[in-house]
Enquirer: 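My questions all concern the structure below.
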Amino acid sequence: MPELPSLEIFKQYFDSTSLNQEIKEININNPEILFDISENNIKELVNRYFVSSSRYGKYLFVSTSDNKFLIFHFGMTGFFKYHPKNEGISSHSRISFLFKNGNVLDFDDSRKFGKISISENISDFINKKNLGPDALEISLSSFKKLFQRRSGHIKPLLMNQQFLAGIGNLYADEILFQSGIHPLKKAYQIENDEQNKLYDNMVWVLKKAIEFNDSPRNFPENFLLAHRYPKGECPNGDKLDIIKVGGRTTYYCPHNQKL
DNA sequence: CCACATGTTCATTT
DNA sequence: AAAATGAACATGTG
């Protein structure tokens, strides 16, 4: 589930498997996932290695030994798989990095909404995409300033990457549920105390999700995501309501999240 | 066959 | 300028 918590898990996986190993070969199985770069741009990484990584919103930036950044976006279905070359080939590998140690890092993405790019500079890329502040980096006071002059519904706003980077459909539902805020509430109607609560819950939910490895099945009972399926019930026993907000399926508890 | 899915981008309206 | 809407992208699952 490639929202911010998944990205943290992917980063941990990447860091523990793929850093500081010489890249021997790169196979680009689906060139259409390359964004603004050519196959040759990627192939220049042969004989280089990955130095470190950092996450911003739903993007992973990997610094390379030729002083550039390889950028991963995981779309809806992307993930990494690191494995010995001769086993466990990932079924929808769009690009494979073969390391000198005989292991392979596959970027697997069945739906091909993922993207890989290269940039000389992280902030150039963030500016070009016009991304808002990262949801786990922003301060409370900056978060509150974001609400000035905003007239739309709160849920699409939380999911708008140019407003705030990292939150997607599932975690927007979870954060609003924990905060007792209706997804269709107008952003400007969220008062000071509720802004504080929303901020605290955003940080808490995202951090807990990372702790629980971003697997909703492992989430505690008091998480909406543990019940977010048709006919699912709110932990307090009420039936969850399912509506469309901004074109996306939205679960909420009508009893606890009122307009 | 149909509906739906964790995301982003684009065109068109309001 | 902001916001809402719907479609498109490609593919798998139920």
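The sequence lines fix the lettering, A, B, ..., with proteins before strands; numbering per chain opens at 1.
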Enquirer: Does the side chain of A/Lys185 reach to within under 4.5 Å of the side chain of A/His153, using non-hydrogen atoms?
Expert: no

Enquirer: If the threshold is 4.0 Å, N to carboxylate O, is there a salt bridge linking A/Asp193 and A/Lys197?
Expert: no

Enquirer: With a 4.5 Å cut-off on side-chain heavy atoms, are A/Lys144 and A/Asn196 touching?
Expert: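 In short, these two side chains touch, coming nearer than 4.5 Å.
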
Enquirer: For A/Lys186 and C/dA2, give me the distance from atom NZ to atom P, rounded to whole Å.
Expert: 16 Å

Enquirer: Less than 4.0 angstrom between a side-chain N/O of A/Lys244 and OP1 or OP2 of B/dA3, yes or no?
Expert: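 A/Lys244 to B/dA3 OP1/OP2: no side-chain N or O under 4.0 Å.
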
Enquirer: Would you measure the distance from the C1' atom in C/dA4 across to the matching atom in B/dA5 and give it in whole Å?
Expert: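 Here C/dA4 and B/dA5 have their C1' atoms 22 Å from each other.
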
Enquirer: Examine distances only and state if a side-chain atom of A/Asp106 and a backbone atom of A/Ser93 form a donor-acceptor pair shorter than 3.5 Å.
Expert: no

Enquirer: Tell me if a side-chain donor or acceptor on A/Asn256 pairs with a main-chain N or O of A/Gly180 at a distance below 3.5 Å.
Expert: no

Enquirer: How would you label the contact of A/Thr249 with the nucleic acid (heavy atoms, under 4.0 Å): base, sugar-phosphate, or nothing?
Expert: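 Counting heavy atoms under 4.0 Å across all strands, the contact made by A/Thr249 is with sugar-phosphate only.
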
Enquirer: Report yes if some heavy atom in the side chain of A/Leu224 is under 4.5 Å from a heavy atom in the side chain of A/Leu240; otherwise report no.
Expert: yes

Enquirer: Report yes if at least one side-chain N or O of A/His153 is closer than 4.0 Å to OP1 or OP2 of C/dA3; otherwise report no.
Expert: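 For C/dA3, OP1/OP2 do not have a side-chain N/O of A/His153 under 4.0 Å.
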
Enquirer: At under 4.0 Å between heavy atoms, which parts of nucleotides 7-14 of chain C does protein reach? Answer with one letter per nucleotide, 5' to 3': B base, S sugar-phosphate only, - none.
Expert: --BBBS--

Enquirer: Does any non-hydrogen side-chain atom of A/Tyr171 lie less than 4.5 Å from one of A/Leu4?
Expert: no

Enquirer: Please report, rounded to the nearest Å, how far the P atom of C/dA3 is from the CG atom of A/Leu184.
Expert: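 Spelled out: CG on A/Leu184 to P on C/dA3 is 15 Å.
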
Enquirer: Would you call the rings of A/Phe50 and A/Phe14 parallel, tilted or perpendicular if under 30° counts as parallel and over 60° as perpendicular?
Expert: tilted

Enquirer: At under 4.0 Å between heavy atoms, which parts of nucleotides 8-14 of chain B does protein reach? Answer with one letter per nucleotide, 5' to 3': B base, S sugar-phosphate only, - none.
Expert: BS-----

Enquirer: Would a 4.5 Å heavy-atom cut-off, applied to side chains only, mark A/Tyr82 and A/Ser16 as touching?
Expert: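 They are not in contact (no side-chain heavy atoms under 4.5 Å apart), so the answer is no.
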
Enquirer: Could you write out DNA chain B as dot-bracket? Rules: Watson-Crick or G-U wobble, both distances under 3.5 Å, brackets [ ] for crossings, | for pairs with another strand, dot for unpaired.
Expert: .||||.||||||||

Enquirer: A/Leu98 and side chain to side chain contact (heavy atoms under 4.5 Å, CB included): which partner among A/Val46, A/Val104, A/Ile23?
Expert: A/Val104

Enquirer: Do A/Glu211 and A/Lys208 meet the salt-bridge criterion of a basic N to acidic O distance under 4.0 Å?
Expert: yes

Enquirer: Using the P atom as the point on both nucleotides, what is the distance between B/dT8 and C/dA1, in whole Å?
Expert: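 So the two P atoms sit 23 Å from each other.
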
Enquirer: Roughly, in whole Å, what's the span from CG in A/Leu157 to P in C/dA2?
Expert: 12 Å

Enquirer: Answer yes or no: does a side-chain N or O of A/Arg149 lie under 4.0 Å from OP1 or OP2 of C/dA1?
Expert: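 So the side chain of A/Arg149 is outside the cut-off, no N or O lying under 4.0 Å from OP1 or OP2 of C/dA1.
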
